[in-house]
Amino acid sequence: MKLSKAYEPGQYEETIYALWEKSQAFTPQSGNGKPSFSIVVPPPNANGNLHIGHGLTNAIEDILVRYHRMKGYNALLLPGADHAGFETQVVYEKHLAKEGKSRFDFTREQLYDQIYEFVAQNRDNYEAQFRKLGAGIDWSRFTFTLDQKIVDRAYATFKQMWDDKLIYRGKRLVNFCTFHGTAFADIEVAYQEDAGHLWHISYPLTDGSGEVVVATTRPETMLGDTAVAVHPDDKRYAKYIGKTIHLPLTKREIPIVADAMVEQTFGTGAVKITPAHDPNDYEVAQRHDLPMITVIDHEGKMTDVPEAYRGLSVTDARKQVVADLEAASLLVKTEAVKHSVGHCYKCGTVIEPLLREQWFVNMQPLVKPAIKALEDKQITFYPDNKRTQLISYLQGLRDWNISRQIAWGIPIPAFQNIDNEDDWIFDDRVKEELIVVEGKTYRRDPDVFDTWFSSSSWPYATLDFPEGADFKEFYPLSVMDTGADILYPWVSRMIMFGLYITGEVPFKNVYLHGLVLDQHGAKMSKSKGNVIDPITKVEEFGSDAFRMGVIAGQTAGNNQPYDETKVIGARNFCNKLWNVARFIEDKLGDKAVSTVPQPQTPADHWMLSKLQQSTEVIGLYLESFRLAEAYDTIYHLLWDDFADWYIEASKEAHNPSVLAYSLETILKLAHPFAPFVTETIWQTLAWQPDSLLTTSDWPEPVTANAKQAKDFEAIKTIVTEVRVMARALKTNDLELQHSGEAFLNDHAAQIAKLAKITAVSEAPGGQGVKLIQSTYPCWLNVSTEKAQAYLKELDDQQTQQASIVQQLKKRLGNKSYVDNAPEAIVKQTKEQLAEAERLLQGIQEQKQRFS
RNA sequence: GGGUGAUUAGCUCAGUUGGCUAGAGCAUCUCGUUUACACCGAGAGGGUCGGGGGUUCGAGUCCCUCAUCACCCACCA
């Protein structure tokens, strides 16, 4: 016996992975004439450990790629790691804080180098974790988002957009985190309902003819007001339009303007306009050509305001302004309100809209082809509703701010003339701070790209667009699998960039998986302390068990709680596989076995037909991304069909070729789901020396004799019924008798063995309890007294069966059913009725005999 | 305010174009040391598919409506 008693994953996984790697099993060769199947792994952040979502992503991708590889595709799973600009810098800053330092202690260049070191240290850890997950990835193609080719790609894209006038620099309102000191894209702002106040403030008219009361949640911004707006149709304020107001706490006079943006029913119907600190007000200011006064700086301090407020934080200024207004009797009313406020998604600081010079991408020209591609279903989405959701997202998309004021990222390749601030040029000499072009000196923009800008090119940049062999072979990708949470920030942009740069959609299918929640259905987060580490689970239950456990029951687009009983079930599945192999090893030894099955008995034919059906079904499920159902199919094929029936039947008499063939087929079918245990068995048995299961061919279905296969179904029916009766009769000391049925004589030993009764034999008829389900007349030899225990069961069965018969009769008695339903369905119902009546009759006869 | 998803056995979830006498795993109950496996075997119980209406010969599946939960989006001053 080469296989030990129980499967212990920890003993084999590392060796098996090393074997795959050494054999370059996951390295496809371009141009080998096979159809290609490609997935590029969404690169996890290089700065930390993999979380359970990566475990799920890997499971899905690896199953798909392994299946296609065995199926004969030139299959690629390309790994990578993400520098994750802002996110990583935040992690590093926390790290610095522990040492009592902050980003202000270093220059951006120093910070960049330090973070580079920091990330490099985590790389080994990260790669080891991927190996533990059993990822069948091609390490030779590993790509980091700061690799030169990715940076070059980002620059080429930026340049092309620059030339196409899609890139512009503008002073716009941007979302700014005053803690982290950087701007964000709209999509990065986290909105939440906060409790606040609505302060009603009296603004006196300059001509002394009265006042206008405005309502605001941010009184401190009044210092930057440059107008008050009312709705043009609002009768209450019509007479004031065009007049001016004396802005309290300042010496400024501001106009009253009419703008349709104002909601008459909200607040007082009069709105203070602070163009430099509110997106709506900004637009009003543009329409009315109002000045913009910045009163809050990038650190969240008051600036360009009267002396009393200068340098105060926003919160302090708010208190002071409210107090001063109250003292001046200008505060009319204060009401508590709940309103949506934008926060930094990392530190929670309230996002300040600030006027900043930044680089923007004009999105409209990119959006249009993407919407068309989505509408034309050039990409299949799983689930499809995410496709339509994406269309409506794109329709409302605004220009994208791609400048970030952080150190860790790809420097923006743009330089500004030191003598003319409007003169910007593109140049990729980003290592230089100053360059001279045509006699003019330019200074590099200190900002870096939004990480999503470069990762939008991920599908083709990793494949060496435009000339690389990989690009020609593997683009567009077969599948993009990622979390539904990054549909907007990533998937949408890959589509837009892919179409813009390559002229093609970047992938043919998008599979969006949901989040893995904790046991109770709550989102996992470090702060809640409910994070589950996938590697711990891999070590506890085995890599195979972990992956099957997380994909079991998982469907596209739906979140799912982590359920350890599923992982345990999958661990048991591995052990079952292992023990089935042990049983067969015991029967066959390690002599080379023919892979051509030579079926003899009904059991043999039945097993082959099950293998054939399952092979087809698993293939269909995998090709339609229904992984959980594919797993379910292999699970029951192994457990129910093979172990519980075929192996049990083999204990009476075994067929070496069918046993061997079945095991090999099941190992292959199970391999994408349980790569380690299947390969371990394959290597240990070594029936085909020097071969790898992972690169072997997906099984070709073998046709079985349908009649013989059906005969085994008849045997199963008899066996099951005998087992049920034996339990009702509380004994196994039984003999199954019949009046000379050839079929029963032929399979007497088999039936007796499976049903665990004494014998199956010929006898004169009419004795004991007759089987009801079996179409072959036979009975168990029990005395009338003993059979009484069984009568009670019969009553229940009769009631049940009678109601089925009644239902079916009713259906067939309905003329419109018979007329309208498809013929096949009606035929089926008739057969069901015939069968139900046969069973009912059997029960009734039985009852009569014993009563 | 708009949108999406969910609601099926005690728990976690499947259920492709309507044909279901509604499934799985776990849990529960009964029995079992049978030539691999107790990470096992044999059997059993358990659901009017969130409520209400409709379309249809037929609805868990399609339509309307209500309820509850979750998530996303939006410029609620």
Side-chain angles (χ1 to χ4, degrees), chain A residues 1 3 5-7 187 191 198 214-218 221 229 261-263 266-274 278-284 337-340 353 383 385-386 388-389 392-393 396 484-485 487-488 514-515 519 521 523 541 545 552-555 557-566 568-587 620-621 624 626 628-629 632 635-636 643-644 647-648 651 720 723-724 726-728 730 732 753 755-756 800-801 803-804 807-808 811 814-822 824-826 828-829 832 836:
Chain A
M1 242 2 189
L3 297 170
K5 192 163 163 45
Y7 174 59
I187 199 165
Y191 286 91
L198 196 55
V214 299
T216 179
T217 53
R218 301 204 56 185
T221 62
M261 162 276 251
V262 180
E263 196 82 48
F266 189 93
T268 61
V271 189
K272 57 190 275 309
I273 299 299
T274 322
D278 183 282
N280 274 324
D281 297 1
Y282 178 84
E283 283 173 22
V284 173
V337 289
K338 279 207 159 186
H339 60 145
S340 173
N385 68 57
K386 297 286 178 193
T388 42
Q389 235 171 289
S392 34
Y393 168 75
D485 52 333
L487 174 65
Y488 296 159
L515 296 172
Q519 295 91 325
K523 220 168 172 170
F541 300 105
Q554 160 79 230
T555 45
N558 285 338
N559 294 346
Q560 197 165 33
Y562 171 78
D563 183 353
E564 197 142 287
T565 65
K566 284 185 191 162
I568 291 169
R571 192 255 334 247
N572 297 350
F573 173 83
C574 294
N575 194 245
K576 194 75 184 176
L577 202 47
W578 186 258
N579 274 289
V580 158
R582 286 183 71 217
F583 175 83
I584 293 169
E585 186 194 27
D586 183 42
K587 293 284 180 224
L620 287 174
Y621 279 145
S624 47
R626 295 159 70 160
E629 285 165 280
D632 198 57
Y635 182 94
H636 287 105
D644 289 347
I647 296 263
E648 287 306 316
K651 288 177 181 174
T720 305
R723 284 171 180 169
V724 170
R727 278 195 58 78
K730 297 189 198 314
N732 274 317
K753 181 90 181 168
K756 304 218 165 19
Q800 208 185 344
Q801 205 59 45
S803 104
I804 291 171
Q807 262 183 49
L808 291 170
R811 194 181 304 170
N814 182 344
K815 194 165 176 305
S816 30
Y817 171 71
V818 181
D819 291 348
N820 293 322
I825 298 288
V826 177
Q828 197 187 319
T829 310
Q832 282 171 355

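For the numbers below, each heavy atom of this structure counts, side chains included, while hydrogens, waters and symmetry mates do not. Here is the naming used below: chain letters follow the sequence lines, and residue numbers restart at 1 for every chain.
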Nearest-0.5 Å distance that lies between atom [atom1] in [X] and atom [atom2] in [Y]:
X	Y	atom1	atom2	answer
A:Thr555	A:Gln560	OG1	CD	6.5 Å
A:His636	A:Asp644	NE2	CG	10.0 Å
A:His339	A:Tyr191	NE2	OH	12.5 Å
A:Glu648	A:Lys756	CD	NZ	5.5 Å
A:Lys338	A:Thr217	NZ	OG1	15.0 Å
A:Met261	A:Ile273	CE	CD1	4.5 Å

For RNA chain B, report each stem as range with range, ordered by first number, or say none. Use Watson-Crick or G-U wobble pairs under 3.5 Å, at least 3 in a row.
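In RNA chain B, stems of three or more pairs: B:1-7 with B:67-73, B:10-13 with B:23-26, B:28-32 with B:40-44, B:50-54 with B:62-66.
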Hey, which sits more toward the 5' end of RNA chain B by its nearest nucleotide, A:Lys523 or A:Gly569?
A:Gly569
Please tell me which of A:Asp632 and A:Glu283 maps to the more 5' nucleotide of RNA chain B, matching each residue to the nucleotide holding its nearest heavy atom.
A:Asp632
What I'd like to find out is whether the side chain of [X] reaches to under 4.5 Å of the side chain of [Y], using heavy atoms alone.
X	Y	value
A:Tyr817	A:Thr829	yes
A:Lys272	A:Thr221	yes
A:Leu3	A:Asn579	no
A:Lys566	A:Gln554	no
A:Tyr7	A:Leu577	no

For [N] and [M], measure between their [atom1] atoms and round to the nearest Å.
N	M	atom1	answer
B:G23	B:C31	C1'	25 Å
B:C26	B:A44	P	16 Å
B:C71	B:G52	P	28 Å
B:A14	B:A6	C1'	14 Å
B:U7	B:U17	P	15 Å
B:G43	B:A24	P	13 Å
B:U8	B:G60	P	15 Å
B:U30	B:U35	C1'	27 Å

Rounded to whole Å, how long is the line connecting atom [atom1] of [X] with atom [atom2] of [N]?
X	N	atom1	atom2	answer
A:Lys753	B:U34	NZ	C1'	7 Å
A:Leu515	B:C71	CG	C1'	9 Å
A:Phe266	B:G1	CZ	P	13 Å
A:Tyr635	B:G23	OH	C1'	14 Å
A:Gln828	B:U21	CD	C1'	11 Å
A:Ile187	B:C72	CD1	P	12 Å
A:Leu808	B:C20	CG	P	12 Å
A:Gln800	B:A22	CD	P	10 Å

Hey, is A:Arg582 close enough to A:Glu585 for a salt bridge, meaning N to O under 4.0 Å?
no
Got a sec, which residues hit side-chain contact (heavy atoms from CB on, under 4.5 Å) with A:Ile568, two or more places apart in sequence or on another chain?
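Only A:Phe541, A:Glu564, A:Arg571, A:Asn572 meet the side-chain contact (heavy atoms from CB on, under 4.5 Å) criterion with A:Ile568.
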Only counting residues at least two apart or in another chain, list the ones meeting side-chain contact (heavy atoms from CB on, under 4.5 Å) with A:Ala570.
A:Ala545, A:Met548, A:Tyr631
Is a donor-acceptor contact shorter than 3.5 angstrom present between the side chain of A:Arg582 and the base of B:C37?
no
When we call it a touch if two heavy atoms are under 4.0 Å apart, what does A:Lys386 touch: a base, just sugar-phosphate, or nothing?
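Result for A:Lys386 = nothing.
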Using a cut-off of 4.0 Å on non-hydrogen atoms, how would the nucleic acid contact of A:Tyr393 be classed: base, sugar-phosphate, or nothing?
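Since no nucleic acid heavy atom lies under 4.0 Å of A:Tyr393, the category is nothing.
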Using a cut-off of strictly less than 4.0 Å, decide whether A:His636 has a side-chain nitrogen or oxygen near OP1 or OP2 of B:A24.
no
When you check the phosphate oxygens OP1 and OP2 of B:C39, does a side-chain N or O of A:Asn579 lie under 4.0 Å from one of them?
no
If you compare all heavy atoms of A:Ala643 against all heavy atoms of A:Val580, which two are closest, and at what distance to 0.1 Å?
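Shortest heavy-atom separation between A:Ala643 and A:Val580 comes out as CB-CG2, 4.1 Å.
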Distance-minimising heavy-atom pair for A:Ala628 and A:Ala552:
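The answer is CB-C, 4.3 Å.
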Counting primed atoms plus P, OP1 and OP2 as sugar-phosphate and everything else as base, spell out the protein contacts along nucleotides 6-16 of chain B at 4.0 Å heavy-atom distance: B, S or - for each nucleotide, 5' to 3'.
------SSSSB
Nucleotide of B:C72, B:A77, B:C76 approaching A:Tyr488 most closely (side-chain heavy atoms)
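Given the options B:C72, B:A77, B:C76, the side chain of A:Tyr488 is closest to B:C72.
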Review item, nucleotides 54-60 of chain B N/O atoms under 3.5 Å of protein N/O:
residue, atom, partner, partner atom, Å
B:C57, O4', A:Ser816, OG, 3.4
B:C57, O2', A:Asn814, ND2, 2.9

Polar atoms only, N or O, under 3.5 Å: list the protein pairs with nucleotides 40-46 of chain B and their distances.
residue, atom, partner, partner atom, Å
B:C40, OP1, A:Asn572, ND2, 3.3
B:C40, O3', A:Lys576, NZ, 3.1
B:G41, OP1, A:Lys576, NZ, 3.0
B:G41, OP1, A:Trp639, NE1, 2.4
B:A42, O3', A:Arg723, NH1, 3.4
B:G43, O2', A:Arg727, NE, 3.4

